Number of protein chains: 2
Amino acid sequence: MARPRSEEANAKILEAAVGLLFEKGLDGFTIDEVASRSGVAKTTIYRHFSSGNEVLVTALDSTIRPFPTPDTGTLRGDLLEFMEVVVPIFASAQLRPLMLGLVGAAATDTELFRIQTAMLTERTMPLRTIIDAAKARGQLPDSLVFEEAFDFIEGPLLAQWIQRPETLIDIDIERLVDRVLAALAA
Amino acid sequence: MARPRSEEANAKILEAAVGLLFEKGLDGFTIDEVASRSGVAKTTIYRHFSSGNEVLVTALDSTIRPFPTPDTGTLRGDLLEFMEVVVPIFASAQLRPLMLGLVGAAATDTELFRIQTAMLTERTMPLRTIIDAAKARGQLPDSLVFEEAFDFIEGPLLAQWIQRPETLIDIDIERLVDRVLAALAA
DNA sequence: CTATAACGCTACGAAAGAGTAGCGAAAGCC
DNA sequence: GGCTTTCGCTACTCTTTCGTAGCGTTATAG
């Protein structure tokens with residue numbers, strides 16, 4: 001009947017929240033900081049969101065985007081293209097604190113675990129297509145379950161990411177993929 | 001010259017700190033809680049440690065223990081024994097929040113990253129021996145760098161641990177090791 | 001044009017955690 | 001046995017962050 005909630009304010013809040021998350025990670029995330037960055041008054045933030053945690057969750061959710069699906073005709077080619085996209089993301093120094101912080105927090109917070117899983121599902125959607133296509137071509141056995149394949153495709157990357165992030169830039173993707181293929185064939 | 005610092009109090013502080021870490025993880029770790037659990041007064045804790053963070057770090061350091069090194073004569077046998085020890089540790093529900101929290105916090109805190117690395121180094125010491133022995137037997141090429149082997153040995157485990165922890169109990173260790181061996185041979 | 005609700009602002013209150021001050025009591029060194 | 005320092009206790013300050021109240025101002029639906 002009267003003045004509606006400003007959609008612009010909502011967008012500014014989320015934009016600032018996302019930026020803050022990328023800069024300071026989960027720990028540095030405070031509503032006061034979101035307020036000062038966005039130019040939106042803290043009280044207004046609480047008019048748009050029921051709690052600070054809801055701002056955080058909504059901001060995280062908003063970062064989930066679809067990933068491109070390679071289709072080169074061979075499993076090896078598809079995996080190479082997939083890695084070309086994923087490795088730079090892992091190598092990004094800005095993303096690391098946020099994503100690892102999320103992994104840590106998700107261990108005790110079910111809502112954050114849901115987000116973590118949703119992010120992963122979206123990011124690995126292309127992998128499912130790749131694996132299915134390889135099965136259809138007879139390059140992989142039908143009995144291979146996706147989760148097992150996933151563990152071998154992203155696991156080594158994950159281990160390196162956590163332990164020696166600085167070495168990810170120089171990674172030899174071809175060698176990595178060849179090892180993965182050998183593991184999947186076993 | 002006078003009364004010395006109680007070694008018993010020091011032990012009780014660390015014992016309580018470790019217990020708290022395992023139960024509540026890094027986030028739930030407070031000096032007040034350590035004080036009430038240990039029965040040692042908070043003021044006394046600050047006489048023994050210069051800061052709460054030092055209590056945390058010392059407690060974490062104290063949990064680092066040496067790992068057994070298998071020696072079965074074959075790479076496959078050694079890896080199987082190694083996995084028999086490591087998998088139950090990963091599968092432990094109590095350890096997960098703490099370790100993943102540590103991973104997350106280590107992304108922004110250099111001191112915690114040092115601890116994380118130290119823990120990992122200790123835990124993977126047997127792996128180095130195993131890999132070296134396999135090289136000496138000619139089962140692995142001398143050119144294989146340890147870090148690359150490590151990523152393929154623990155990476156898949158790590159991926160599963162983060163994503164689907166509940167499935168770790170039923171893991172088929174033999175199949176896992178066979179896939180790892182195939183990857184290392186590639 | 002007017003009523004209604006959102007906006008921004010300043011100021012609070014509440015809670016949690018770190019770390020400190022001051023005290024009487026107790027324990028170890030000599 | 002006495003001197004010294006620790007211990008436990010209570011109480012306090014400081015800081016951070018969350019979330020809310022009140023108020024004057026502004027936009028907008030009808």
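Numbered from 1 within each chain, the chains take letters A, B, ... in sequence-line order. In this text the structure is predicted, and so the values were computed from the model without any measurement.
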Using a cutoff of under 3.5 Å, can you pull out all pairs of nitrogen or oxygen atoms linking the protein to nucleotides 25-27 of chain D, with atom names and distances?
| residue | atom | partner | partner atom | Å |
| --- | --- | --- | --- | --- |
| D:dT26 | O2 | A:Arg3 | NH1 | 2.8 |

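- Applying the ring-ring contact (aromatic ring centres under 6.0 Å, His included) rule to pairs touching residues 30-55 of chain B yields nothing, sequence neighbours excluded.
- A donor-acceptor pair under 3.5 Å is absent between the side-chain atoms of B:Asp78 and the main chain of B:Ile130, judged by distance alone.
- D:dT6 atom C1' lies 13 Å from atom CG of B:Asn10, rounded to whole Å.
- Here the P atom of nucleotide C:dA6 and the CZ atom of A:Arg5 are 5 Å apart, to the nearest Å.
- Looking at residues 27-35 of chain B, you'll see B:Thr30, B:Ile31, B:Asp32 sit with a heavy atom under 4.0 Å from some atom of DNA chain C.
- The cluster map of Ile, Leu, Val, Met, Phe, Trp and Tyr, joined by side-chain heavy atoms under 4.5 Å apart, puts A:Leu79 and A:Leu144 in the same cluster.
- The side-chain hydrogen bond (donor to acceptor under 3.5 Å, both in side chains) check on A:Arg37 picks up A:Glu23, A:Glu33, with sequence neighbours excluded.
- Heavy-atom distances under 4.0 Å link DNA chain C to no residue of residues 99-115 of chain A.
- For A:Arg5, there are no side-chain hydrogen bond (donor to acceptor under 3.5 Å, both in side chains) partners two or more places apart in sequence or in a different chain.
- Residues from residues 40-62 of chain B with heavy atoms under 4.0 angstrom of DNA chain C, sorted by number: B:Lys42, B:Thr43, B:Tyr46, B:Ser51, B:Gly52.
- B:Val85 and B:Val87 fall within the same hydrophobic cluster, defined by Ile, Leu, Val, Met, Phe, Trp and Tyr side-chain heavy atoms under 4.5 Å apart, directly or through other members.
- Residues in residues 89-106 of chain A take part in no salt bridge (Lys or Arg N to Asp or Glu O under 4.0 Å) pair, two or more places apart or across chains.
- For residues 144-174 of chain A, the pairs satisfying ring-ring contact (aromatic ring centres under 6.0 Å, His included) are A:Phe90-A:Trp161, with sequence neighbours left out.
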For this session: Kindly indicate, with the supporting measurements, whether the criterion side-chain hydrogen bond (donor to acceptor under 3.5 Å, both in side chains) is fulfilled by B:Gln160 and B:Thr167.
Result: CA-CA 8 Å; B:Gln160 189 170 346; B:Thr167 65; 2.9 Å; yes
Would you mind writing out the side-chain donor-acceptor pairs for residues 176-186 of chain B within the sub-3.5 Å range, not counting sequence neighbours?
| residue | atom | partner | partner atom | Å |
| --- | --- | --- | --- | --- |
| B:Asp178 | OD1 | B:Arg76 | NE | 2.8 |
| B:Asp178 | OD1 | B:Arg76 | NH2 | 3.3 |
| B:Asp178 | OD2 | B:Arg76 | NH2 | 3.2 |
| B:Arg179 | NE | A:Glu148 | OE2 | 2.8 |
| B:Arg179 | NH1 | A:Ala183 | O | 2.8 |
| B:Arg179 | NH1 | A:Leu184 | O | 3.1 |
| B:Arg179 | NH1 | A:Ala186 | O | 3.2 |
| B:Arg179 | NH2 | A:Glu148 | OE2 | 3.3 |

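- The CD atom of A:Gln163 lies 9.0 Å from the CG atom of B:Leu158; values are rounded to the nearest 0.5 Å.
- Partners of A:Glu147 according to the side-chain hydrogen bond (donor to acceptor under 3.5 Å, both in side chains) rule, which considers only residues two or more places apart in sequence or in another chain, do not exist here.
- Pairs of residues two or more places apart, or lying in two chains, never qualify as ring-ring contact (aromatic ring centres under 6.0 Å, His included) while including a residue from residues 96-139 of chain A.
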